[in-house]
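Keep in mind that the numbers below use all heavy atoms, side chains included, and drop hydrogens, waters and symmetry copies.
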Amino acid sequence: MFTQFGFSTSFYLVECYPGQLNQVFLNILVNALDALEDSALKGRWTTKKFNIIDNPRIYIRTRLLEPDQVTISIADNGLRIPSDTLKQIFNPFFTTKAVGQGTGMGLAISYQIITQKHGGSLDCISQPGVGAEFIIRIPLQQLVSNS
């Protein structure tokens, strides 16, 4: 398995809850590894987007989206997520895994951490021949609530 990192040449300080962001990254990476394992069992990986032949891969990229927002993208070249599943992946207790292998809470919690705790967004794009890509957008500075 190969992992490629694509980081911008500049580093930006991000005000965040690092433990919670680590949990988001871990949840997404575990799901990517599961997708690649499923692809291996079926003997194929998608190659269209990244022009790669027969190697399971995870791509991690960061970039400054706007002057005040950072984007972290985690993508794999496993089999795509079917559209009916894609609509539900952030719902609590939704899982495609066998009984005892997943709670269906990882992506739901990740979505909550990004949107509610960090004021950002978490999206997933998955198309045939491409695999799946999770896109995290968070502001560089957190807004202070007066409530």
Side-chain angles (χ1 to χ4, degrees), residues 1-40 45-52 55-127 129-147:
M1 167 126 13
F2 298 94
T3 303
Q4 292 185 339
F5 298 93
F7 297 101
S8 64
T9 57
S10 301
F11 290 96
Y12 304 97
L13 291 178
V14 178
E15 249 180 40
C16 66
Y17 299 96
Q20 292 181 359
L21 273 185
N22 285 339
Q23 185 65 52
V24 170
F25 300 147
L26 181 63
N27 289 341
I28 293 171
L29 288 169
V30 165
N31 285 340
L33 289 170
D34 288 344
L36 292 175
E37 183 178 3
D38 288 346
S39 296
W45 295 273
T46 56
T47 59
K48 186 175 174 183
K49 183 174 182 183
F50 299 111
N51 212 15
I52 295 164
N55 288 317
R57 297 196 184 241
I58 294 173
Y59 301 85
I60 302 171
R61 292 183 295 274
T62 63
R63 68 183 173 117
L64 189 64
L65 185 62
E66 298 172 6
D68 60 348
Q69 193 175 56
V70 68
T71 299
I72 302 118
S73 172
I74 302 172
D76 65 63
N77 66 336
L79 299 175
R80 76 176 183 97
I81 301 171
S83 59
D84 58 328
T85 300
L86 193 59
K87 295 175 188 174
Q88 302 178 68
I89 60 172
F90 298 120
N91 292 344
F93 305 109
F94 177 78
T95 185
T96 59
K97 297 177 183 174
V99 174
Q101 291 185 344
T103 63
M105 292 302 293
L107 290 177
I109 290 169
S110 296
Y111 187 84
Q112 183 180 29
I113 289 170
I114 296 300
T115 60
Q116 294 178 11
K117 293 286 189 179
H118 291 87
S121 65
L122 175 58
D123 298 299
C124 181
I125 301 167
S126 186
Q127 301 170 0
V130 179
E133 180 175 15
F134 285 84
I135 303 166
I136 301 164
R137 293 179 187 93
I138 55 173
L140 292 176
Q141 295 183 333
Q142 297 298 305
L143 297 175
V144 178
S145 174
N146 292 331
S147 53

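Considering Leu65, Val24, Val70, Thr115 in turn, Val70 is the only one that fulfils the side-chain contact (heavy atoms from CB on, under 4.5 Å) rule with Ile138.
Residues Leu33 and Ile58 form a side-chain contact, since some pair of their non-hydrogen atoms from C-beta on lies under 4.5 Å apart. Side-chain contact between Ile114 and Phe90: absent, with no pair of heavy atoms (C-beta onward) separated by less than 4.5 Å. Ile136 has its side chain within reach of Ile28: a pair of non-hydrogen atoms, C-beta onward, lies under 4.5 Å apart. Contact check for Leu140 versus Leu64: side-chain heavy atoms found under the 4.5 Å cut-off. Contact of the Gln23 side chain with the Ser110 side chain is not registered, since no non-hydrogen atoms from C-beta on lie closer than 4.5 Å. Between Arg137 and Asp123 there is a side-chain heavy-atom pair separated by less than 4.5 Å. Counting only heavy atoms from C-beta outward, the side chains of Ile89 and Thr85 approach each other to under 4.5 Å. Side chains of Ile72 and Phe25 form a contact here, defined as non-hydrogen atoms less than 4.5 Å apart.
Distance check, rounded to the nearest 0.5 Å: CD1 of Ile135 to OG1 of Thr71 gives 8.0 Å. Atom CG in Asn77 sits 6.0 Å away from atom CG in Leu36 (nearest 0.5 Å). A distance of 5.0 Å separates CD in Glu133 from CZ in Arg61, rounded to the nearest 0.5 Å. The structure places CG of Asp34 at 11.0 Å from CG of Leu29, a figure rounded to the nearest 0.5 Å. Annotation: the span from Phe134 atom CZ to Ile81 atom CD1 amounts to 4.5 Å, rounded to 0.5 Å. The CD atom of Gln20 lies 9.0 Å from the CD atom of Gln112; values are rounded to the nearest 0.5 Å.
Tyr17 and His118 have perpendicular rings, their planes meeting at more than 60° on a 0 to 90° scale where under 30° would count as parallel.
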Checklist entry - Passes side chain to side chain contact (heavy atoms under 4.5 Å, CB included), Val30 versus Leu26? Steps please. => result CA-CA 6 Å; Val30 165; Leu26 181 63; 4.0 Å; yes
Checklist entry - Given the rule in the side chain to side chain contact (heavy atoms under 4.5 Å, CB included) test, do Leu122 and Ile113 qualify, once you have shown the distances and angles that lead to the verdict? => result CA-CA 9 Å; Leu122 175 58; Ile113 289 170; over 6 Å; no
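Checking side-chain atoms of Ser126 against main-chain N and O of Gly131 turns up a donor-acceptor pair under 3.5 Å.
Nearest heavy atom pair, residue Asp76 against residue Ala35, reads OD2-CB, 4.2 Å. For Gly119 against Pro139, the heavy-atom pair with the smallest separation is O-CD, 3.7 Å.
A donor and an acceptor atom, one from each side chain of Gln88 and Asp84, are nowhere located under 3.5 Å apart.
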